[in-house]
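Worksheet: one structure, shown below.
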Amino acid sequence: MDMQKTYNPQDFEKRIYDNWEKSGYFKAKVNPDKVPFTIVIPPPNITGQLHIGHALDETLQDAIIRFKRMQGYEALWLPGTDHASIATEVKIVELIKKEEGLTKEQLGREEFLKRAWAWKEKYGGRIVEQLKCLGSSCDWSRLAFTMDDRCSKAVKEVFVNLYDKGLIYQGSKIINWCPSCKTALSDAEVEYAEEDSYFWYLDYPLEGEEGKCLTVATTRPETMLGDTAVAVNPHDKRYSSFVGKYLILPIVNKRIPVVADDYVDMKFGTGAVKITPAHDPNDFEVGLRHNLEVIRVMNDDGTMNELAGKFAGMDRFECRKAIVEELKAVGALKKTEPHKHNVGHCYRCHSSVEPIVSKQWFVKMADLAKPAIAAVKNKSIKFTPSRFTKIYYNWMENIKDWCISRQLWWGHRIPVYYCEDCGEKMVLKDAPKCCTKCGSTNFRQDEDVLDTWFSSALWPFSTLGYPDMTEDLKYFYPTDVLVTGYDIIFFWVARMIFSGLEHMNRIPFKDVLIHGIVRDDKGRKMSKSLGNGVDPLEVIAEYGADTLRFSLVNGVAAGSDIRFSKEKCESSRNFINKIWNASRFVLMNCEGADIRPITEIKPEVKDKWILSRLNHTVKSVTMLMEKYDLGMALSICHDFMWYDFCDWYIELTKPALYGDDIAKKNATLSVLCHVLKETLKLLHPFIPYVTEEIYSNIPGTTGSIMVSEYPRYNSAYNYKKDAEKMNAVMDIIKAVRQIKVQAGAAPSKKVELIVVTENRKLVDSSADFICKLSGVSKIVFVSSKQDITEKVFTQVLNGFELFVPLGDLVDIEKEVSRLKAELEKTDSEIERAESKLNNPGFVEKAPAKLVDAEKQKLAKFQELKAKILANLKEYES
RNA sequence: GGAGGCAUAGCUCAGUUGGUUAGAGCGCUCGCUUCACAUGCGAGAGGUCGUAGGUUCGAGUCCUACUGUCUCUACCA
């Protein structure tokens, strides 16, 4: 046995991980004799390093995969990283600006991509190291990257297939544009935030009718330069005479029609809306319905273009001010009022997003969404917790076409080629040698790359070999469970589901385990601006990976957010320290002892009690693990380890361990070893390092705990009667302790215990325990309280009356009032039970088991009451 | 506008399909350096489970309304 006095994870975590890796236990292979169990990691972005949210995600996955591996599944946890197109590109742009003083355009595409791959090598590698520190049992031989050859091949295959099926198309539509990143964004990539702004009321004069005008209200006056109509509600009587007439657009002095459209809300603003089809999604729709001209007045970088006339070249916000001034000058600004409204921001750079008309590639969603909704409706895919299905439906049922092209360089380049000579468009998996139509070799590839989520959507099968029907793909797909946060249900989970169904004809996973986000100790979201982020590596350096993992999982309900605090870490560390010391106790005593397998031991009552407790624990923990209720599973392991094993069983073994009976000592130690070993196995998925370290020191164990057999429930170990006996003894011990504390006697003071009972045999056979655990020097049996001559404290239990003579410490008056309080409590229990049993509804309708239990409870309390009364009478006489 | 979560001890949170006397951690009080552990041991105090109704023999748990709070989603110019 080689264990330091204090738990010190830094001494062994690294060594253990290295051993695991060397042993090849993490590797999974196609094995027809075993049932596969597969998890693909949600690939962390290579933008930086792992944060505490990743630590939670990986801990949950590792716990599940370790559990399944021990249960005998061929467990594969497939690791990888994500190129994170826009997020990484933003970082690299910043880097080259800082280090080389260049913009990406100045650097050029080829050089830029070199920098990006270097970044990937550096940060991708770092993330892998961090995953290892956490203890993640990933199959590193399969490490994937969303832009590696395999994934790239899958992306091209899927793009071409969808295009051929007519599910990918190119079109000019209104999309979200980030003027800072200069790329299109999908709807999911826009974040809205409320901002204080103004509502500007503008007068648009009616053509040919001097002095008459229509007032529109707008939050974006600068877009009026691109107005091509004003819309009113067809039922709005105020404006019915205007419909079909023309207005003169101020400043621009252009004729624009008044159209009637249901989209307009009569009650909002003035009931008249300026229509700018090029710069507003709703206006774009109105424009389509009324055949309006689309005039785009803004450049890609957010400045005004030549169609903005004298405002050309101005930044959009500058232009807004200038337009307002100009409108005021020409008398078209009627009034201004403060207004709060939601403005969309780029989820990566946070600039405000500009809705503009642009030619982009889209995925047609309607037909893809239907089977994806059905798969969840018919429970082929189950969300845990189930409430997240509603969030999923909500999005899927209202889904719009997915804009997948990005005007970026870092990512999968769109596999579309244009012939410079004949203009032919070629959508091909591999770059053509020449134009498929005219044979020209003068062609170019589409400049754009794909949305990063396009490749992530294929992750569960691209990493296993798709489009080739490999053995891996056949064996490990569909995967079993996907573990991720609720924040990427739309971005990722939904898209994997329809992609799996479309390209593999099968769901990508059976279960989706959703967890919450990790917040700081005050419940705030961790963010760079608040500076309240917690670095998992720092926590590991201070407390060890096991403590971090324990803190993130113990007692946490699925799907709910987690508060992370130092206090929590400390209490987790204390628990692991407790395991450490309990194990030291067991192992130190084992030295030189004859430890036998549990099957060769004849257990006595205390042993049967802990074996039955262990058995129950195994049953509930296994059940909870299978339901992915890891927080509860771990909490039950914790309670068993601390309260049953350490607080009670270890103490109960001491009389035997320090006694002279060698056979008894060996038997007890064998049970101690068995229970410790099995408990460590239950804990191993959550806290792998410390359990491995201790396990290797237990006599009789060979190999790693991570490939040991997971404990199994066995009804032969229930020992119901013995467990009840032990519980009665434990009640006696607790009662004596209570008497001593209440009397103010020192814990070390040895007292005499006088017992009235019909079950003398039980007390006799457990005398060792009672004496050792409650500081009793001698147990005396009497037939009734009348036989006691000294002043005593009294405690009445079911089947036992306990009396402790404590001489002058005994205060009769206090004792009487204490007994009266006990009596009152007992009375209220009797009353409660009686009212239930007197209720015909309860007796008739409640399950017989419960009625019986209630009857027993009543009898028990009535017996207690009788004894308390008898004791009270003694004092009164 | 739509949807969802949460409201339980001083604080942070558990609480399985409704069913014994509602639990834990931290904090607090009292007593202990007892031969694994003071990162500990023993004994306690502390809760009308947000409010009002309802269903039921029985509600922290199910239903309705309300109050407070957080989040997602839509983007009404």
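Letters A, B, ... are given to chains in the order of the sequence lines, protein chains preceding strands, and every chain is numbered from 1. Values below: every heavy atom of this structure, side chains too, minus hydrogens, waters and symmetry copies.
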Given B/rU71, B/rA43, B/rA36, which nucleotide is nearest the side-chain atoms of A/Arg519? B/rU71
So A/Lys400, base contact, sugar-phosphate only, or nothing? Heavy-atom distance under 4.0 Å. sugar-phosphate
Which sits closer to the 5' end of RNA chain B, A/Arg832 or A/Asn589, going by the nucleotide each is nearest to? A/Arg832
Looking across every strand, which nucleic acid part, if any, lies under 4.0 Å from A/Val264 by heavy atom: base, sugar-phosphate, or nothing? base
So does A/Asn839 get a side-chain nitrogen or oxygen closer than 4.0 Å to the phosphate oxygens (OP1/OP2) of B/rG58? no
Examine B/rA36: is either OP1 or OP2 under 4.0 Å from a nitrogen or oxygen in the side chain of A/Lys654? Give yes or no. yes
Look at the side chain of A/Tyr643 and decide which nucleotide, out of B/rA24, B/rA77, B/rC37, has an atom nearest to it. B/rA24
Side-chain atoms of A/Met623 come closest, of B/rG2, B/rG5, B/rU16, to B/rU16
Minimum-distance nucleotide (side-chain atoms of A/Thr219 versus B/rC35, B/rA77, B/rA36): B/rA77
Contact class for A/Glu651 vs. all strands (heavy atom < 4.0 Å): base, sugar-phosphate, or nothing? base
C1' spacing across the pair B/rG23 / B/rA65, given as an integer number of angstrom: 31 Å
Complement of B/rG68, any strand, by Watson-Crick or G-U distances under 3.5 angstrom: B/rC6
Given B/rG2, B/rC41, B/rA36, which nucleotide is nearest the side-chain atoms of A/Trp642? B/rC41
So does A/Tyr198 get a side-chain nitrogen or oxygen closer than 4.0 Å to the phosphate oxygens (OP1/OP2) of B/rA77? no
Would you list the protein and nucleotides 62-65 of chain B atom pairs, both N or O, that sit under 3.5 Å from each other?
none

Salt bridge or not for A/Arg289 and A/Asp261, using N-O below 4.0 Å? yes
Consider only side-chain N and O atoms of A/Lys274 and A/Thr276, and report whether a donor and an acceptor are under 3.5 Å apart. yes
Side-chain N or O of A/Lys578 versus OP1/OP2 of B/rG40: is the shortest distance under 4.0 Å? no
Integer-rounded Å distance: B/rA77 P and A/His341 NE2: 7 Å
Side-chain (A/Asn342) to main-chain (A/Glu194) donor-acceptor, under 3.5 angstrom: yes
Check this one for me: any side-chain N or O of A/Gln742 less than 4.0 Å away from OP1 or OP2 of B/rA43? no
Closest to the A/Val741 side chain, choosing from B/rA43, B/rG15, B/rG40: B/rA43
In the strands shown, is B/rU12 matched to any nucleotide by a Watson-Crick or G-U wobble pair with both distances under 3.5 Å, and which? B/rA24
Just call it for A/Asp283: base, sugar-phosphate, or nothing, with non-hydrogen atoms closer than 4.0 Å on any strand. nothing
Both distances under 3.5 Å, Watson-Crick or G-U wobble: report the partner of B/rG18, or none. none
At 4.0 Å (heavy atoms only), tell me whether A/Ala557 reaches a base, stays on the sugar-phosphate, or touches nothing. sugar-phosphate
Donor-acceptor side-chain pairing of A/Asp227 and A/Tyr204 below 3.5 angstrom: yes
Would you mind classifying the nucleic acid contact of A/Ile275 as base, sugar-phosphate or nothing, using non-hydrogen atoms under 4.0 angstrom? nothing
Where the side chain of A/Arg387 is defined as all heavy atoms beyond and including C-beta, which of B/rA36, B/rG19, B/rG5 is the nearest nucleotide? B/rG5
I'd like to know if A/Lys566 pairs up with A/Glu542 as an ion pair, taking the criterion as any Lys NZ or Arg NE/NH1/NH2 lying under 4.0 Å from an Asp or Glu carboxylate oxygen. yes
Residue matched to B/rC75 through Watson-Crick or wobble contacts both under 3.5 angstrom: none
Considering heavy-atom distances to RNA chain B, does A/Ala846 or A/Gly555 have its closest nucleotide positioned more toward the 5' end? A/Gly555
Would you measure the distance from the C1' atom in B/rU8 across to the matching atom in B/rG50 and give it in whole Å? 10 Å
If the P atom of B/rC41 is compared with that of B/rG27, how far apart are they to the nearest Å? 13 Å
Assess whether a salt bridge exists between A/Glu651 and A/Lys654, defined as any Lys/Arg side-chain N lying under 4.0 Å from an Asp/Glu carboxylate O. yes
Taking only side-chain nitrogens and oxygens of A/Ser560, does any of them come within less than 4.0 Å of OP1 or OP2 of B/rA14? yes
Base B/rC37 paired with A/Asn577 side chain (donor-acceptor, <3.5 Å): no
Atom CD of A/Gln4: over 12 foreign heavy atoms under 6.0 Å: no
Please determine whether a side-chain nitrogen of the Lys or Arg among A/Glu831 and A/Lys836 lies less than 4.0 Å from a carboxylate oxygen of the Asp or Glu. no
For atom P, what is the distance between B/rA36 and B/rU17, given to the nearest Å? 43 Å
Between B/rG60 and B/rC49, how far apart are the P atoms? Round to whole Å, please. 7 Å
Scan every strand shown for a Watson-Crick or G-U wobble partner of B/rG46, both distances under 3.5 Å, and answer none if you come up empty. none
B/rG15 and B/rG25: how far apart are their C1' atoms, nearest whole angstrom? 15 Å
Which residues pass the side chain to side chain donor-acceptor pair (under 3.5 Å) test with A/Glu337, sequence neighbours left out? A/Tyr201
When all nucleic acid strands are considered with a 4.0 Å heavy-atom cut-off, which category describes A/Lys860: base, sugar-phosphate, or nothing? base
Base of B/rU12, side chain of A/Arg563 - is there a donor-acceptor contact under 3.5 Å? no
Work out how far the P atom of B/rU33 is from that of B/rA59, and round it to whole angstrom. 49 Å
Please find out if less than 6.0 Å separates the ring center of A/Phe199 from that of A/Phe268. yes
Which is true for A/Asp647 with a 4.0 Å heavy-atom rule: it touches a base, it touches only sugar-phosphate, or it touches nothing? sugar-phosphate
Does A/His339 make a side-chain N or O approach to OP1 or OP2 of B/rA77 shorter than 4.0 Å? yes
Between A/His339 and A/Glu195, is there a side-chain donor-acceptor contact under 3.5 Å, judged purely by atom types and distance? no
Winner on side-chain proximity to A/Tyr192, out of B/rA74, B/rG19, B/rA77, is B/rA74
Any idea which of B/rG44, B/rU39, B/rG15 is nearest the A/Gln738 side chain? B/rG44
Taking only side-chain N and O atoms of A/Lys390, does any of them lie within less than 4.0 angstrom of OP1 or OP2 on B/rG2? no
Using a cut-off of 4.0 Å on non-hydrogen atoms, how would the nucleic acid contact of A/Phe490 be classed: base, sugar-phosphate, or nothing? sugar-phosphate
Mark yes or no: A/Lys568 above the aromatic ring of A/Phe550, with NZ or CZ under 6.0 Å from the six-membered ring centre and no more than 45 degrees from the axis. no
Looking at every strand, decide which applies to A/Leu850 at a 4.0 Å heavy-atom threshold: base, sugar-phosphate, or nothing. base
Measure from the side chain of A/Pro747, starting at C-beta and using heavy atoms only, and say which of B/rU39, B/rC32, B/rU16 lies closest. B/rC32
Does A/Trp395 place a side-chain N or O at less than 4.0 Å from the phosphate oxygens OP1/OP2 of B/rG2? no
Quick one: is B/rU73 close enough that its OP1 or OP2 comes under 4.0 Å of any side-chain N or O from A/Tyr392? no
Identify the nucleotide, in any strand shown, that forms a Watson-Crick or G-U wobble pair with B/rU55, with both distances under 3.5 Å; if there is none, say none. none
Which is true for A/Pro281 with a 4.0 Å heavy-atom rule: it touches a base, it touches only sugar-phosphate, or it touches nothing? nothing
Measuring only the P atom in each nucleotide, how far is B/rA24 from B/rA43? A whole number of Å is fine. 12 Å
